[in-house]
Protein chains: 2
Amino acid sequence: MDATRLLPLAGEPPAERSDAARNREALLRAASELIDHCSVESVTMDAVAQRAGVGKGTVFRRFESREGLMAALLDHSETTWQASVISGPPPLGPGAPPLERLLAFGHSRMETTLTHAALIRAAGHAGTRAYAVAAFAAMHVRYLLGQLDVHGDLGYLATALLAPLEIPVLEQQLGQERRSLDEVRAGWDDLVRRVVA
Amino acid sequence: MDATRLLPLAGEPPAERSDAARNREALLRAASELIDHCSVESVTMDAVAQRAGVGKGTVFRRFESREGLMAALLDHSETTWQASVISGPPPLGPGAPPLERLLAFGHSRMETTLTHAALIRAAGHAGTRAYAVAAFAAMHVRYLLGQLDVHGDLGYLATALLAPLEIPVLEQQLGQERRSLDEVRAGWDDLVRRVVA
DNA sequence: AATAGAAACGGACTGCAGTCCGTTTGGACC
DNA sequence: GGTCCAAACGGACTGCAGTCCGTTTCTATT
């Protein structure tokens, strides 16, 4: 979890000063450690700043807000997932027939979401719909629907299939509604088949 | 917006002391006025307490949290909507064929949600899935799916149809994705027809 | 190596949610 | 009307997110 920056696509704007880069690293590591040692709730901006040995203002300049910091942590930890969708082994990765890929995608997304549940909640608005992985997921589903020769507003259908995989919905189903993960998975599979039919 | 309590179902627990009831009224009115005169953001617990002429602690004892207060305001203002689904004129109310009712329900829900968008956001977790209206909506959709002779896990399908009508999704579509309300409506209608088919 | 100015830094400060606890009050029972 | 106590009250207090601005540090340029 570190080293070689994965997608340094940003080459145009001012470029980042070396101390700024060092501090960002330190802050992300500090936040990550706080989560490991305690919990997401214990990640206060003051605590992160202190642990990283920088001032509080610095944390806000780097990440805008607590939600922004959480989103940054999420992006980092979900990059591996994204990679396995793009180029991992089938059925999640390329190679399997589109319907199988789509179902595998849903299951995998569900698990990843639940794994990072606390972080996603803490990222609030940024965590639910704004960070990069969400856009990627929509694009991928849209693509698979195209492969399946589905007609209609694929963008909308992709959103509609993704919506029930979001944290508030999943937690409601697994919590209050007392459903098992298997039931939820089966429900989603059924939904997909109806949409694709 | 006041008087005759709508559903005083609660008759078992301790019952409420008269000063407590009076204060709840005053607090809801104060919050409501603050929203009208300024905005949802201006509804701070201190401001509400001061305007209602009570101490801050009282606000929290009544509503638990700021989100709880927002949810209370929501429940109150969405009660009329709920009534029009149960016993209003068709196609939203009873009388129209089930598919028409279902589509009308979605459109109506979409509009109501957008109308109360700021409040729903402010109610956070409580606003998205916990307050009474959400449970009612799920039940109603489930019922209509039954009428339409849909087979399968109707509870799941209801959730799946409701999920894309939630605020974060709608705002993403109308905002970033630059879709019109009509497109979104059409997308949802298509989704419903596929599920029902 | 010296210089300048843009960018980054740090930490005191503000505003708000939520808690705590000593005080007051409604109303049930005598 | 008087007594009692559970429930309600109020506001000082705590902790955290987010802002502001005077100070320090990079780095491009000469």
Side-chain angles (χ1 to χ4, degrees), chain A residues 10-31 34-35 38-73 118-119 121-127 130, chain B residues 10-31 34-35 38-73 118-119 121-127 130:
Chain A
E12 308 77 7
E16 191 175 44
R17 240 169 69 168
S18 67
D19 52 345
R22 198 172 345 110
N23 282 337
R24 194 187 40 249
E25 285 301 315
L27 286 167
L28 285 173
R29 185 160 359 99
L34 280 172
I35 291 178
C38 307
S39 67
V40 170
E41 291 73 47
S42 71
V43 181
T44 70
M45 299 305 255
D46 286 287
V48 173
Q50 183 171 18
R51 183 164 194 122
V54 305
K56 187 178 184 174
T58 301
V59 190
F60 281 91
R61 190 165 334 86
R62 271 317 81 140
F63 301 103
E64 295 249 302
S65 64
R66 189 182 127 101
E67 296 193 352
L69 171 58
M70 298 303 184
L73 288 169
L119 208 45
R121 293 214 91 97
H125 183 240
Chain B
E12 308 76 8
E16 192 175 43
R17 236 168 71 169
S18 67
D19 52 346
R22 198 173 343 111
N23 283 336
R24 194 188 41 249
E25 284 302 314
L27 287 166
L28 286 173
R29 184 159 2 97
L34 281 172
I35 291 179
C38 308
S39 69
V40 170
E41 291 73 50
S42 71
V43 180
T44 69
M45 298 306 253
D46 286 287
V48 174
Q50 183 170 19
R51 182 163 195 124
V54 305
K56 188 177 183 174
T58 301
V59 190
F60 281 92
R61 190 163 335 87
R62 277 299 87 93
F63 301 103
E64 294 249 303
S65 65
R66 189 183 128 100
E67 297 193 352
L69 171 58
M70 298 303 183
L73 288 170
L119 208 45
R121 292 215 94 95
H125 184 241

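Computation of the quantities below employed the complete heavy-atom set of this structure, encompassing side-chain atoms and omitting hydrogens, waters and symmetry-equivalent molecules. The sequence lines fix the lettering, A, B, ..., with proteins before strands; numbering per chain opens at 1. All values derive from a computational prediction rather than experimental measurement.
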Inset, instruction - For Ser18(A) and for Val54(B), find the nucleotide of DNA chain D with the closest heavy atom, then tell me which residue's nucleotide is more 5'. - result: Val54(B)
Legend entry - Modelled atom types, side-chain donor and acceptor of Ser39(A) and Glu41(A), under 3.5 Å: yes
Legend entry - Selection from dA17(C), dA17(D), dA8(D) that lies nearest to any side-chain heavy atom of Thr44(A): dA17(D)
Legend entry - Non-hydrogen side-chain atoms of Phe60(A) and Lys56(A) separated by less than 4.5 Å: yes
Legend entry - Integer-rounded Å distance: dC9(C) P and Arg61(A) CZ: 5 Å
Close N/O contacts between protein and nucleotides 2-5 of chain C (under 3.5 Å):
none

Inset, instruction - Have a look at Arg62(B) and say if it touches a base, only the backbone sugar-phosphate, or nothing, with a 4.0 Å heavy-atom cut-off. - result: sugar-phosphate
Legend entry - Main-chain N/O of Arg17(B) paired to Arg22(B) side chain as donor or acceptor, under 3.5 Å: no
Legend entry - Arg66(B) CZ to dA17(D) C1', straight-line distance once rounded to whole Å: 14 Å
Legend entry - Nucleotide dT19(D), atom C1' - distance to CZ of Phe63(A) in whole Å: 18 Å
Inset, instruction - Kindly point out which of dG10(D), dG11(D), dA12(C) is positioned nearest to the side chain of Lys56(A)? - result: dA12(C)
Inset, instruction - Indicate yes or no for a side-chain donor-acceptor contact from Arg29(B) to the backbone of Ala52(B) under 3.5 Å, with no hydrogens or angles considered. - result: no
Inset, instruction - Round to a whole Å and report the spacing from CZ of Phe60(A) to P of dT19(D). - result: 7 Å
Inset, instruction - Check the pair Phe63(A) / Thr58(A) against side-chain contact (heavy atoms from CB on, under 4.5 Å), numbers first and verdict last. - result: CA-CA 9 Å; Phe63(A) 301 103; Thr58(A) 301; over 6 Å; no
Legend entry - Counterpart residues, side chain to side chain contact (heavy atoms under 4.5 Å, CB included), relative to Ala118(A) (two or more places apart): Val40(A)
Inset, instruction - Please state how far atom CE in Met45(B) lies from atom C1' in dT19(C), giving the value in whole angstrom units. - result: 12 Å
Legend entry - Heavy-atom side-chain contact between Leu27(A) and Arg51(A) under 4.5 Å: no
Inset, instruction - With axes from five pairs an end, tell me the bend angle of the helix from dA1(C)-dT30(D) to dC30(C)-dG1(D), nearest 10°. - result: 10°
Legend entry - Rounded distance (Å) that lies between atom C1' of dA7(C) and atom CZ of Arg24(A): 15 Å
Inset, instruction - Please report, rounded to the nearest Å, how far the P atom of dG10(D) is from the CZ atom of Arg22(B). - result: 10 Å
Inset, instruction - Output the single nucleotide from dG18(C), dA8(D), dG11(C) whose closest atom is nearest the side chain of Ser65(B). - result: dG18(C)
Inset, instruction - Would you mind telling me which residue lines up with the more 5' stretch of DNA chain C, Glu64(B) or Asp19(B), judged by nearest nucleotide? - result: Glu64(B)
Legend entry - Student check: side-chain heavy atoms of Leu73(B) and Ile35(B) closer than 4.5 Å: yes
Legend entry - Side chain Arg62(B), main chain Ala20(B), donor-acceptor under 3.5 Å: yes
Legend entry - Interatomic distance, Asn23(A) CG vs dC9(C) C1' [rounded to whole Å]: 8 Å
